[in-house]
Amino acid sequence: MMVKTDWLLVVLLGLVLLILEGAEGRKERILGGSPYELAYSAINCRKHSASIKDFGGIGDGTTLNTEAFQKAVNQLSKYASDGGAQLVIPAGHWLTGSFNLTSHFTLFLHKDAVLLASQEINQWPLIDPLPSYGHGRDAPGGRYISLIFGTNLTDVIITGENGTIDGQGALWWQQFHLNKLKYTRPYLIELMHSNKIQISNLTLLNSPSWNIHPVYSSNIIINGITILAPVTSPNTDGIDPDSCTNIRLEDNYIVSGDDCVAVKSGWDEYGIKYGRPTSHLIIKRLTCISPYSAAIALGSEMSGGIQDVRIQDITAIQTESGIRIKTGVGQGGYVKDIYVKGMKLHTMKWVFWMTGNYGSHADTHWDPKALPEIKGINYRDVVAENVSMAGQLDGISGDPFTGICMSNVTIGLAKKSKKNPWACTNIGGISSSVQPPPCKLLADQGPKKSGMCDFPTESLPIDSIEMQRCSYRLNM
Ligand SMILES: *[C@@H]1O[C@H](CO)[C@@H](O)[C@H](O)[C@H]1NC(C)=O
Ligand SMILES: *[C@@H]1O[C@H](CO)[C@@H](O)[C@H](O)[C@H]1NC(C)=O
Ligand SMILES: *[C@@H]1O[C@H](CO)[C@@H](O)[C@H](O)[C@H]1NC(C)=O
Ligand SMILES: *[C@@H]1O[C@H](CO)[C@@H](O)[C@H](O)[C@H]1NC(C)=O
Ligand SMILES: *[C@@H]1O[C@H](CO)[C@@H](O)[C@H](O)[C@H]1NC(C)=O
Ligand SMILES: *[C@@H]1O[C@H](CO)[C@@H](O)[C@H](O)[C@H]1NC(C)=O
C-alpha cells in the first residue's frame with residue numbers, strides 16, 4: 001500500500017508540475033517568448049509590466065493601434081495602487097492615434113520602437129482650448145488632443161532607450177500653410193494638471209506643432225530628449241513649460257522650426273485671469289539649432305508670470321537668438337528673476353533679444369492697461385561667435401524693462417554685422433566686461449574680478465530628486 005501511495009503522490013506532483021509549466025508556457029507564448037532585459041533610470045520603478053502586443057498591438061507600420069494603446073492603459077491603470085505598471089513598446093512601427101495615459105504608469109519604448117502618429121483626422125478627438133489661453137493657438141475653437149495625452153495624473157513616466165515618437169507632421173504643416181485648419185494642431189505630448197512627470201531618453205520627430213507641453217503641472221524632469229523637425233516647419237517648438245512649477249530640463253538636443261524651449265504662462269486677459277505662473281525652472285545643457293527662432297524664449301504667452309528661471313550651459317548654433325523675451329502691451333504678467341550662466345553660441349542674428357511690442361493677441365479684448373513687468377534679467381559668462389547683432393533690447397515706452405545685468409560676455413561679430421552691434425530702448429541695467437561695449441543704458445561698472453550678475457547658489461527641490469535604477473527581466 002505504501003508503495004502505491006508514493007507512486008500516486010509522484011503522479012500527482014508530476015501533474016501539478018505539468019499544469020504549472022503549461023501555464024508558464026502559455027504566458028510566454030502570449031508575450032512572444034524571447035527574454036528581454038530592461039534597465040533604466042526613473043523617478044519610480046513599477047511592479048507590473050506588459051507589452052503592447054499583449055493587448056493586440058501589431059507593429060507593422062500599417063495596422064492602427066489606437067485601441068490597443070487605450071486598452072493597455074485602461075487595464076494597467078488597475079495597478080495604480082499596487083506598485084504601478086509599465087507598458088513596453090517592443091521594436092516595430094506602431095501606428096496609432098491619440099491615447100491617454102494614467103497615474104503610476106511608465107510608457108517605455110525599446111530602442112527600435114517607433115510610435116507613428118496616425119494621419120487620419122478622426123484619430124484626433126477635439127478638446128477645449130486651455131483656460132489660460134481662451135483660444136486655440138491656430139484657430140479660435142477647440143484643439144486636437146495631443147498624440148500622448150494625460151490630465152490630472154500623478155507619477156507618469158515616458159521613457160525608452162532612445163526609441164522614437166514620429167508625429168508625421170508634414171500633412172499638418174501643409175494644412176497650416178494653406179490656412180485650412182479648423183482647429184489648433186495637436187502636440188506630441190501634453191500633460192495637464194499633473195504632478196511628478198518624467199520624460200526622458202526618447203527621440204521626437206516631426207511634431208505637427210509643439211513637441212512637449214507640460215501645462216498646469218509640477219515636479220517635472222525632461223532629460224535626454226532629441227527633438228528633430230525641419231527648421232522651416234511651423235511652430236515645432238521643442239519643450240514648452242506652461243504655467244508649471246519645479247521643472248528640470250537637462251541634456252536635451254533640439255533642432256526645430258521654432259523656439260527650442262519656450263517658457264509660457266497663458267495668453268493676454270485669459271492668462272492674467274487664470275493667474276498661474278511658471279516658476280522654479282532649471283534648464284541645463286541644452287543644445288539648440290533653430291535658424292528662425294530662439295534657443296530659449298520667455299513668452300510670448302507670459303500673462304500668468306514667469307519667475308525664477310535658471311539657465312546654465314547652453315549651446316546654440318545657427319539659431320536666431322540666444323535668450324529672447326517676447327511680450328507686449330495687453331499681456332500683463334511678469335518675467336522676473338531670470339538667471340543665465342554659461343552660453344556658447346555660434347552663428348546667431350542676436351545674442352540678446354527683448355521684444356516689448358510682440359503683437360500676438362488672443363483676440364481683440366486685451367486690456368491696453370495690462371503692462372508686463374520685466375525685471376531682474378541676469379546674464380553672465382557668454383561667448384558668441386559670428387554674430388550679426390549683439391543685442392536688441394526694446395522695452396515698452398512708459399514701462400521700461402529694468403534690472404538687466406550682463407557680465408563676462410564676449411561676442412565676436414560676423415563680417416557682415418550691423419554697424420552698431422547694440423540697440424536699446426526703454427531698458428535699464430548694468431554691465432561689466434562686455435565686448436563689444438554695450439549701449440549706455442547698461443551702465444558699465446568696470447571690470448569686476450569675481451564676475452557680476454546673480455546666479456542663485458541655493459538649490460531647488462527639483463534639483464535633489466534622484467533617479468532610481470529600475471531593472472526588469474521580461475519575456476517579450
Ligand atoms: C482622453 O482624455 C480626454 C480629456 O480628458 C477625453 O476627452 C478623452 O475622451 C479621453 N480619451 C479616451 C480614449 O479616454
Ligand atoms: C483636473 O484638475 C483640475 C485642477 O485641479 C480640475 O479643475 C479639473 O476638474 C480636474 N479634472 C478632472 C477630469 O478630474
Ligand atoms: C538618439 O537618436 C537620435 C536620432 O537617431 C540621435 O541623433 C541621438 O544621438 C541619439 N541619442 C543618444 C543619446 O543615443
Ligand atoms: C538616458 O540618458 C541619460 C543622459 O541624458 C543617460 O545618462 C542614461 O544612461 C540614459 N538611460 C538610458 C536607459 O538610456
Ligand atoms: C567668464 O566666462 C568664461 C566662460 O565663457 C569662464 O570660463 C570664466 O571663468 C568667466 N570668468 C569669470 C570671471 O567669471
Ligand atoms: C557666419 O554667419 C553667416 C550668416 O550670418 C554664415 O553664412 C557663415 O557661414 C557663418 N560663418 C561661419 C564660419 O560659421
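Atoms within each ligand, like the ligands themselves, are counted from 1 in listed order. Given the structure is predicted, the values throughout are model-derived calculations rather than measurements. Residues: numbered from 1 along the sequence shown.
The aromatic rings of Phe69 and Phe99 sit parallel, their planes meeting at an angle under 30°, below the 60° perpendicular limit.
The side-chain hydrogen bond (donor to acceptor under 3.5 Å, both in side chains) check on Asp242 picks up Tyr133, His213, with sequence neighbours excluded. Under the side-chain contact (heavy atoms from CB on, under 4.5 Å) criterion, Gln123 pairs with Leu64, Thr66, Ser118, Glu120, sequence neighbours left out. Qualifying side-chain hydrogen bond (donor to acceptor under 3.5 Å, both in side chains) partners for His110, counting only residues two or more places apart in sequence or in other chains: none.
Between Tyr379 and Phe352, the ring center distance clears the sub-6.0 Å criterion.
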Ligand 2 N/O to protein N/O, distances under 3.5 Å:
from	atom 1	to	atom 2	distance (Å)
ligand 2	2 (O)	Asn152	ND2	2.2
ligand 2	11 (N)	Asn152	OD1	3.3
ligand 2	11 (N)	Asn152	ND2	3.0
ligand 2	14 (O)	Asn152	ND2	3.4

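Scanning all heavy atoms of the two residues, the minimum distance from Pro186 to Pro208 falls at O-CB, 3.5 Å.
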Exercise for review: Check the pair His193 / Asn152 against side chain to side chain donor-acceptor pair (under 3.5 Å), numbers first and verdict last.
Suggested key: CA-CA 5 Å; His193 300 299; Asn152 302 69; 5.1 Å; no

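Considering backbone and side-chain N/O of Gln70, none are found under 3.5 Å from N/O of ligand 1.
With a 4.0 Å heavy-atom cut-off, ligand 1 is reached by no atom of Phe99.
Contact atoms of ligand 1 toward Phe149: 2 (O), 4 (C) (distance under 4.0 Å to a heavy atom of the residue).
Under a 4.0 angstrom heavy-atom cut-off, Asn74 registers as lying outside contact with ligand 1.
With 3.5 Å as the limit, one finds no donor-acceptor pair spanning the side chains of Glu320 and Ser293.
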